[in-house]
Amino acid sequence: MGLKDKAVKGVFWTSLGNVVNFSVNFVVGIILARLLSPSDYGLIAMITVFFSISQSFISSGFGNALVRKKDATQADFSTAFLFNVSVSIVFFVILFFLAPFIADFYGRPILASLIRVESVCMVIGSINIVQNTQFTRRIDFKTTMKIGFTTNVVGSVVGISAAYYGLGVWAIVAMDIVRQLTSTVLLWKASPWRPKMLWERESFRYLWGYGSKLLASEMLNTIYNNIYPIVIGKFFSAASLGNYTRAQGFVTLPSSNITSVVQRVTFPVLSQIQDDDERLIAGYRQMLKMVTFVVFPLTIGMAAVAKPMVLLLLTDKWAECIPYLQILCFAAMWHPVHAINLNLLQVKGRSDLFLKLEIIKKVIMTLVMIGTIPLGVLAMCAGTVFTSYTSLLLNTYYTGKFVHYNIFSQLRDLFPSLCLSFLMGGMVFVLTLLVENSLIAFMASVVLGAVVYLLLAKVTKMEELTELISILKRK
């Protein structure tokens, strides 16, 4: 099978998996939001940062290092496995003893118990990192799609049942643990690889040499992505934090899911042609245009239809999240562009530049956040839009330097999708203002947005639409 066919197959199965999981998470999120309160979600958001930071250390970029290494050996995989599991145990112990202090910081005693129980997920998940890498190296996303779907469904049934019977915030914890356990069982059943008690210094030196810079970058990114919940949880109410995370959850469903597809598939595919700049540029450019053709209308459309969507799906107890959602959409729409640009640096082995960029961006982001805290949560959301556009300038700098595809060239390629998306979004927003009934407004807006965007794309003969239809027909 040729590289292009592998890429198309990988994109198809990963996209299918994400669409299916998107659908499951969307429905489950709505059901849980109706059964639980914004404060319940706020409590989980307060502790998420500690698990995210721990997970960054546990993985340490070793997965990407193994994918990039063409001649990875059993010693490489086993060394990574032993490292992942050992570090997960260390962080489990650390969080177990830090839990009471974290609870005191927020002034919420229940957090100590939540942290100690949720920490079990880290240890369980650590034994899956290398197994997932095995499938990624083979660009076998069909298997992981099936496992991910099964895992999602089983965990969701447990979570919804627990919430229905009044367990509150513990329903989310139960769902996380069951999902992790199910994923572990299925991944190990599907993968023939098994670790051996091998630890080679040379293997670790390569893995750490490549992965440590990604770890530092991921740490910065993780802390920043979770710093807003920390600040909002500390200075504002748990309900405000719950509304913020609910809005963020809606926004990330299309942008992050589609971006994860692109990142997961492009890295192993482009790594195989890392020394052929001509093919690298062509593949990189095509992927960028295709993903924004889908993400731009989804995020802009979501901003336009936010009010009837939230009131219909979550009820008016979540009304506070509507303006947060609308603003955050304009930051999230550029997420895939950031990710693909940064992916190129990893493909080229320049994790040092990856780290340098992350440091610069996080300094800017921190200053913006500090300046907007006194103005409230809404202003903090607006600050993320500013930092997103600033990051766009920074992320595309080295892309232009390495493959001569700078920000102006990228924006020229993305301009048609951007224009059609804003035109469609404007029409949808006007419709939501004219129709008072939330159900009618939401359904009519979705249909209008889809029809208008696809018709405009067909009339203007956008090659992205033709390519998308071609891919769907082949599959």
Side-chain angles (χ1 to χ4, degrees), residues 22 45 48-49 52 217-218 220-232 240-241 243-260 262-263 288 291-307 309-310 320-343 357-358 360-373 375-397 407 410-411 414-415 417-419 421-422 424-426 428-429:
F22 169 91
T48 299
V49 61
S52 298
S217 301
E218 188 176 346
L220 287 171
N221 204 41
T222 298
I223 292 173
Y224 173 74
N225 287 340
N226 290 278
I227 196 69
Y228 273 59
I230 292 175
V231 171
I232 295 172
S240 292
L241 177 55
N243 278 292
Y244 173 82
T245 55
R246 182 70 269 176
Q248 196 175 46
F250 269 126
V251 169
T252 56
L253 277 175
S255 64
S256 293
N257 274 284
I258 293 174
T259 300
S260 68
V262 176
Q263 283 185 304
L288 187 64
V291 71
T292 52
F293 177 75
V294 177
V295 171
F296 281 172
L298 287 177
T299 49
I300 293 174
M302 183 178 288
V305 77
K307 184 176 180 179
M309 180 180 71
V310 170
E320 185 184 339
C321 81
I322 295 173
Y324 303 162
L325 170 58
Q326 291 173 321
I327 294 173
L328 291 173
C329 280
F330 292 98
M333 63 183 288
W334 295 103
H335 187 50
V337 183
H338 300 317
I340 295 176
N341 275 273
L342 292 175
N343 239 13
L357 275 175
E358 291 303 302
I360 295 172
K361 287 185 295 184
K362 270 35 178 191
V363 170
I364 296 173
M365 294 170 181
T366 301
L367 292 175
V368 171
M369 183 193 68
I370 292 173
T372 55
I373 289 174
L375 303 177
V377 180
L378 204 62
M380 294 175 69
C381 292
T384 63
V385 178
F386 173 80
T387 54
S388 179
Y389 284 82
T390 303
S391 297
L392 183 65
L393 295 173
L394 294 170
N395 288 337
T396 54
Y397 172 76
I407 186 171
Q410 293 186 38
L411 290 177
L414 305 183
F415 188 71
S417 295
L418 192 62
C419 286
S421 298
F422 273 111
M424 175 274 297
V428 168
F429 184 68

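What you are looking at is a predicted structure, and each value in this text was computed from that prediction instead of being measured.
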Roughly how far, to the nearest 0.5 Å, is the OG atom of Ser417 from the CZ atom of Phe296?
7.0 Å
Value for NE2 (His338) from CG (Asn395), rounded to nearest 0.5 Å, stands at 6.0 Å
Does the side chain of Leu393 come within less than 4.5 Å of Ile407's, by heavy atoms?
yes
Least distance between heavy atoms, Gln326 atom then Ala306 atom:
CG-CB, 3.5 Å
Under the side-chain contact (heavy atoms from CB on, under 4.5 Å) test against Leu328, which residue among Ser388, Pro323, Cys381 passes?
Cys381
List for me each residue that meets side-chain contact (heavy atoms from CB on, under 4.5 Å) alongside Thr245, sequence neighbours excluded, and say none if there are none.
Tyr41, Ala45, Leu241
Residues Val428 and Ala304: closest non-hydrogen pair is CG1-CB, 3.8 Å
All side-chain contact (heavy atoms from CB on, under 4.5 Å) counterparts of Leu298, not counting sequence neighbours:
Pro254, Ile258, Val294
Measure the shortest side-chain to side-chain distance between Thr292 and Val295 over non-hydrogen atoms and say whether it is less than 4.5 angstrom.
no
Rounded to the nearest 0.5 Å, how far apart are SG of Cys329 and CZ of Phe250?
10.5 Å
Taken in chain and number order and not counting sequence neighbours, the residues that satisfy salt bridge (Lys or Arg N to Asp or Glu O under 4.0 Å) with Lys307 are none
With side chains defined as the heavy atoms from C-beta onward, is the minimum distance between Cys321 and Val310 less than 4.5 Å?
yes
When you look at Thr299 and Val251, which way does the side chain to side chain contact (heavy atoms under 4.5 Å, CB included) test go after all the steps?
CA-CA 7 Å; Thr299 49; Val251 169; 5.5 Å; no
Rounded to the nearest 0.5 angstrom, the CG-CG distance for Leu411 and Leu418 is 8.0 Å
All ring-ring contact (aromatic ring centres under 6.0 Å, His included) counterparts of Phe386, not counting sequence neighbours
none
Rounded to the nearest 0.5 Å, what separates atom CD1 in Ile232 from atom CE in Met380?
4.5 Å
side-chain contact (heavy atoms from CB on, under 4.5 Å) against Ile360, all qualifying residues, sequence neighbours excluded:
Lys356, Ile364, Leu394
Got a sec, which residues hit side-chain contact (heavy atoms from CB on, under 4.5 Å) with Ile300, two or more places apart in sequence or on another chain?
Met333, Ser421, Phe422
Does Leu288 reach the side chain of Val337, with side-chain heavy atoms less than 4.5 Å apart?
yes
From Met309 CE over to Ile322 CD1, what is the distance, rounded to the nearest 0.5 angstrom?
9.0 Å
Taking the six-membered ring for Trp, are Tyr228 and Tyr244 parallel (under 30°), tilted (30 to 60°) or perpendicular (over 60°)?
parallel
